[in-house]
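The chains referred to below are lettered A, B, ... by the order of the sequence lines, with proteins before strands, and numbering in each begins at 1.
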Number of protein chains: 2
Amino acid sequence: MTRLSAERRREAIIHAALAVARRKGLAATTVRDVAAEMGSSSGLIHHYFDSMDEVLAAAFERVAKEDLEQTEAMLADLGDPAAVLAEFLGSYGRVDDDWAFQLWMDAWAEAARRPVLRATSARLNLAWAALLERTIRAGVTSGVFHCTDPGGAAWRILSLVDGLALQVVAHRTTVDRADMLAWATRAAEGELGLSAGSLGNGARRADAATRPR
Amino acid sequence: MTRLSAERRREAIIHAALAVARRKGLAATTVRDVAAEMGSSSGLIHHYFDSMDEVLAAAFERVAKEDLEQTEAMLADLGDPAAVLAEFLGSYGRVDDDWAFQLWMDAWAEAARRPVLRATSARLNLAWAALLERTIRAGVTSGVFHCTDPGGAAWRILSLVDGLALQVVAHRTTVDRADMLAWATRAAEGELGLSAGSLGNGARRADAATRPR
DNA sequence: ATGGAAGTTGCGCATGTGTCCAACTTCCGG
DNA sequence: CCGGAAGTTGGACACATGCGCAACTTCCAT
């Protein structure tokens, strides 16, 4: 294996771990898988991480944070709250190509039994809700949204979309991806006092979202 | 081990599997764990179930089906759709005392890796949505609800409540139980064209639901 | 009572897991 | 150029997993 600095090697390990997790899920990601993905020996992983648990925790945090920061950057860039919200909902239309959502489900299920994981997961979920709430408030201020309870609306939209995505990813058969997007969009429009269709046609978006993230 | 009839032994295995799953989670429940819990040999489990996947599916089904049938009976008994819906939402107000919801989260996360469990989980989730849809249709027929899309509304209400309950049970800190109930109630009222408060005051209900199921 | 059926055993097998470590290779400062 | 430091190796180790199976025990119908 090509020799790397400690810093770069840690990155490479996390990167490889994510590549494997994408294929097999976080729970099924093994030391040997990661080593094979990197093209190195398995001993190398334990030279940089005390345990496999730490590798997985680092990988989970990396992914969850990345998505969040990406959306946060988007909110800063395009100031239009409606566009941000539409893009947020649209990103869920891609969850079944998206191994990240399986990661979230794993995290939620394990949270009750793993305090450290619970703290991380709770923190990131709160950040998502806060981001959504800020977006809604911005929309209310600029007059495009009408909502008396931005905090509650944020949690309702987030939870609805999580609940629908859960059906799409876990069962594949109960809820259709296009339905998920259309329903979530409709509900968001209702929450924010928008006319139907003003957040975009859900069905059309779903078609456009067949490519992976 | 004391000799049991095939029927009783299957029951005992399911019972033991649930006891283990309660402690360690569905994903971490192993053949040997279940055998130890029963005080029997591990071979016995495979004499009654073709695979561990089936054991877990049967265990999950046992718990999940019970709740469903209870609610279905309630729908038959008290014909009032609004009362059924209120009770349905109220039952979620007790999820954090309720280990059944943790089981649902375990099942959703594991569904991707265990085909039999996935099929069971999908089937039961569909049944819940169907039950909700029937309730909504009944309300529309009798004129108390107004809803143009009972199927979609059923999935939206179910998914919202699942998404909120997920926060309550997995994180304990992000969403408050009273909020969950109030928000879900408000959203349901919106879906069904009801005035605020007509499905019951969420906060009051939440107080009444501090005792376990 | 006896023989077959059915419940139960407990170990073996193949496979997979995280962790550890002594040896090897590569790099770079002196 | 050379010697120590740091990156890397690859297999050993102990343990866990699902599953299969031949032998053993218990029961009940004949």
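With rounding to whole Å, Arg8(A) atom CZ is found 15 Å from dC27(C) atom P. Counting to the nearest Å, the P atom of dT19(C) and the NE2 atom of His47(A) are 15 Å from each other. Rounded to whole Å, the distance from CE on Met38(B) to P on dG7(C) is 13 Å. Taking atom CG of residue Leu44(A) and atom P of nucleotide dT19(C), one finds them 15 Å apart after rounding to whole Å. When the C1' atom of dC27(C) is taken as reference, atom CG of Leu4(A) falls 13 Å away, rounded to whole Å. One can place CZ of Phe49(B) at 15 Å from C1' of dG18(D), the figure rounded to the nearest angstrom. Rounding to whole angstrom units, CZ of residue Arg9(B) and C1' of dT26(D) are separated by 13 Å.
Within the 4.0 angstrom heavy-atom criterion, only backbone atoms of the sugar-phosphate kind lie near Tyr48(B); the bases stay farther away.
Aromatic ring pairs are classed by plane angle as parallel below 30°, tilted from 30° to 60° and perpendicular above 60°; the pair Phe101(B) and Tyr92(B) is perpendicular.
Side-chain N/O atoms of Ser41(B) include none lying less than 4.0 angstrom from OP1 or OP2 on dG10(C). Under 4.0 angstrom from either OP1 or OP2 of dA6(C) there lies no side-chain N or O belonging to Arg3(B). OP1 or OP2 of dC19(D) has at least one side-chain nitrogen or oxygen of His46(B) nearer than 4.0 Å.
Distances were taken from every side-chain heavy atom of Ser42(B) (C-beta onward) to each of dT9(D), dT8(C), dC19(D); the shortest belongs to dC19(D).
Axis orientation changes by 10° from one end of the helix from dA1(C)-dT30(D) to dG30(C)-dC1(D) to the other, with each end axis drawn from 5 pairs and the value rounded to 10°.
Closest non-hydrogen pair, Ala129(B) versus Leu158(B), comes out as N-CD2, 3.9 Å. The nearest pair of heavy atoms linking Leu117(B) to Asp53(B) is N-OD1, 3.2 Å. Of all the heavy atoms in Ala153(A) and Cys147(A), the pair that sits closest is CB-SG, 3.7 Å. Nearest heavy atom pair, residue Ala188(B) against residue Leu89(B), reads CB-CD1, 4.1 Å.
A donor-acceptor pair under 3.5 Å is formed between the side chain of Thr173(A) and the backbone N or O of His171(A).
Here the two rings, on Phe60(B) and Trp108(B), have centers that are 6.0 Å apart or farther.
In this view, Arg113(A) and Asp106(B) satisfy the salt bridge (charged side-chain N to carboxylate O under 4.0 Å, His left out) rule, not counting sequence neighbours.
For DNA chain C, the residues of residues 10-36 of chain B within the heavy-atom distance limit of 4.0 Å (strictly under) are Arg32(B), sorted by number.
Tyr48(A) pairs in a side-chain contact (heavy atoms from CB on, under 4.5 Å) with only one of the listed residues (Arg10(A), Glu7(A), Glu54(A)), which is Arg10(A).
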